[in-house]
Protein chains: 2
Amino acid sequence: MDAQFKKGVLELCVLSQLKEQDRYGYELTERISKELSVTAGTLYLILKRLKDSGYVETYLMESTGGPARKYYHLTEQGENYRKNQKQEWLAFVEKAGKLI
Amino acid sequence: MDAQFKKGVLELCVLSQLKEQDRYGYELTERISKELSVTAGTLYLILKRLKDSGYVETYLMESTGGPARKYYHLTEQGENYRKNQKQEWLAFVEKAGKLI
DNA sequence: CTTACTATATTGCATTACATAATAGTATAT
DNA sequence: ATATACTATTATGTAATGCAATATAGTAAG
């Protein structure tokens with residue numbers, strides 16, 4: 001897969017996943033990498049960015065096996081951002097489609 | 001427009017434009033920026049990349065007003081690359097769509 | 001008990017593509 | 001002459017990802 005295509009879209013994928021329900025980092029890695037082959041390092045960087053921007057909040061919960069899971073929750077601000085990014089993405093795909 | 005979305009796709013847009021017919025740099029800038037807001041500098045960088053990779057060839061032709069135009073022609077190798085990139089792009093959009 | 005493996009989180013360095021801005025040359029119109 | 005439109009090019013910075021390494025906790029195997 002062309003790595004460049006992912007730039008910017010992975011963030012939207014994360015936001016969309018978190019809209020459904022809170023999820024922890026490793027879980028997001030598993031889910032998203034099933035479709036788009038992404039590494040953990042990339043995902044955690046995106047999550048840090050989103051947290052620094054106030055788009056997600058985090059809390060810890062114990063795991064059945066392994067270290068505690070850090071769950072990510074979409075804030076209201078994050079949901080607004082998600083909606084906006086989704087619209088931008090759809091518009092972008094349409095415009096690009098005209099040229100391709 | 002989110003600049004990140006463009007990563008990798010601009011190149012495909014250029015290739016697609018050149019599949020129809022040979023075009024010169026300034027012309028490509030005009031056409032593509034109508035849809036996707038791209039500057040000349042970015043376009044010429046992409047064109048240089050494509051030339052260095054053997055995906056396009058160039059030749060000069062006089063202009064009616066202004067400096068000579070440098071036309072870009074898609075090579076056979078470039079056309080194969082374009083087909084491949086187009087498929088990858090479509091597949092990517094579909095996969096991302098599942099997550100969004 | 002110790003070794004190995006899975007689950008989970010984090011961080012550092014390199015690469016790549018795009019943005020922005022500046023430079024430069026030619027022709028035409030005023 | 002001067003401004004303006006057309007055309008091409010290059011330099012510097014930023015941002016997002018890839019890859020690889022580190023760290024910790026639990027569980028299973030020997």
Side-chain angles (χ1 to χ4, degrees), chain A residues 1-15 22-33 35-53 55-56 58-72 85 88-89 92 95-96 99, chain B residues 1-15 22-33 35-53 55-56 58-72 85 88-89 92 95-96 99:
Chain A
M1 168 185 314
D2 190 317
Q4 294 302 319
F5 290 158
K6 296 181 207 164
K7 301 292 173 70
V9 189
L10 280 179
E11 185 184 85
L12 175 56
C13 291
V14 170
L15 291 167
D22 296 359
R23 298 188 191 280
Y24 55 99
Y26 188 80
E27 186 186 9
L28 286 167
T29 304
E30 297 279 294
R31 291 177 66 90
I32 297 185
S33 67
E35 299 289 344
L36 297 183
S37 86
V38 68
T39 64
T42 299
L43 245 296
Y44 283 110
L45 225 42
I46 291 173
L47 288 167
K48 178 152 192 328
R49 233 160 55 210
L50 292 173
K51 186 176 183 185
D52 290 345
S53 305
Y55 295 148
V56 302
T58 62
Y59 57 93
L60 287 174
M61 274 187 70
E62 288 186 9
S63 164
T64 53
R69 296 168 171 168
K70 184 183 276 187
Y71 277 83
Y72 293 82
Q85 285 298 99
E88 287 222 24
W89 169 245
F92 174 78
K95 287 176 183 170
L99 291 166
Chain B
M1 168 185 312
D2 191 317
Q4 295 304 319
F5 289 158
K6 295 180 205 165
K7 299 295 169 70
V9 189
L10 280 179
E11 185 185 86
L12 175 55
C13 291
V14 170
L15 291 167
D22 295 0
R23 299 188 191 279
Y24 55 98
Y26 187 79
E27 187 187 9
L28 287 167
T29 304
E30 297 279 295
R31 291 176 66 90
I32 297 185
S33 66
E35 298 289 343
L36 297 183
S37 86
V38 68
T39 63
T42 298
L43 245 296
Y44 283 110
L45 225 42
I46 292 173
L47 289 168
K48 177 151 192 328
R49 231 160 57 208
L50 292 174
K51 187 176 181 184
D52 290 347
S53 305
Y55 294 148
V56 302
T58 62
Y59 56 93
L60 287 174
M61 275 187 68
E62 287 186 11
S63 162
T64 53
R69 295 166 171 167
K70 183 184 277 189
Y71 277 83
Y72 293 81
Q85 285 298 100
E88 288 223 23
W89 169 246
F92 174 78
K95 286 177 183 171
L99 292 166

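Proteins get letters first, then strands, A, B, ... in listed order; numbering begins at 1 in each.
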Please state how far atom [atom1] in [X] lies from atom [atom2] in [N], giving the value in whole angstrom units.
X	N	atom1	atom2	result
Lys48(A)	dA16(D)	NZ	C1'	15 Å
Leu47(B)	dT7(D)	CG	P	15 Å
Ile46(A)	dA9(C)	CD1	P	15 Å
Leu50(B)	dA17(C)	CG	P	10 Å
Arg69(B)	dA8(D)	CZ	P	8 Å
Tyr26(A)	dT6(C)	OH	P	9 Å
Leu60(A)	dA25(D)	CG	C1'	13 Å

Closest to the [X] side chain, choosing from [options]:
X	options	result
Tyr24(B)	dT7(D), dA9(C), dT9(D)	dT7(D)
Gln4(A)	dT7(D), dA9(C), dT16(C)	dT16(C)
Val38(A)	dG18(D), dA8(D), dA9(C)	dG18(D)
Thr42(B)	dT7(D), dT10(C), dC18(C)	dC18(C)
Lys70(A)	dC19(D), dT8(C), dA9(C)	dA9(C)
Arg49(A)	dT10(C), dA16(D), dT7(D)	dA16(D)

Members of residues 5-13 of chain A that approach DNA chain C, where some heavy atom sits under 4.0 Å away: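 Residues of residues 5-13 of chain A that come under 4.0 Å of DNA chain C do not exist, since none gets that close.
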Pairs flagged by salt bridge (Lys or Arg N to Asp or Glu O under 4.0 Å) wherever residues 2-15 of chain B is involved - sequence neighbours left out: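 Passing the test, one end in residues 2-15 of chain B: Glu11(B)-Arg49(B).
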Given Tyr59(B), Tyr26(B), Tyr24(B), the one that forms side-chain hydrogen bond (donor to acceptor under 3.5 Å, both in side chains) with Arg69(B):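 Exactly one option meets the side-chain hydrogen bond (donor to acceptor under 3.5 Å, both in side chains) with Arg69(B), and it is Tyr24(B).
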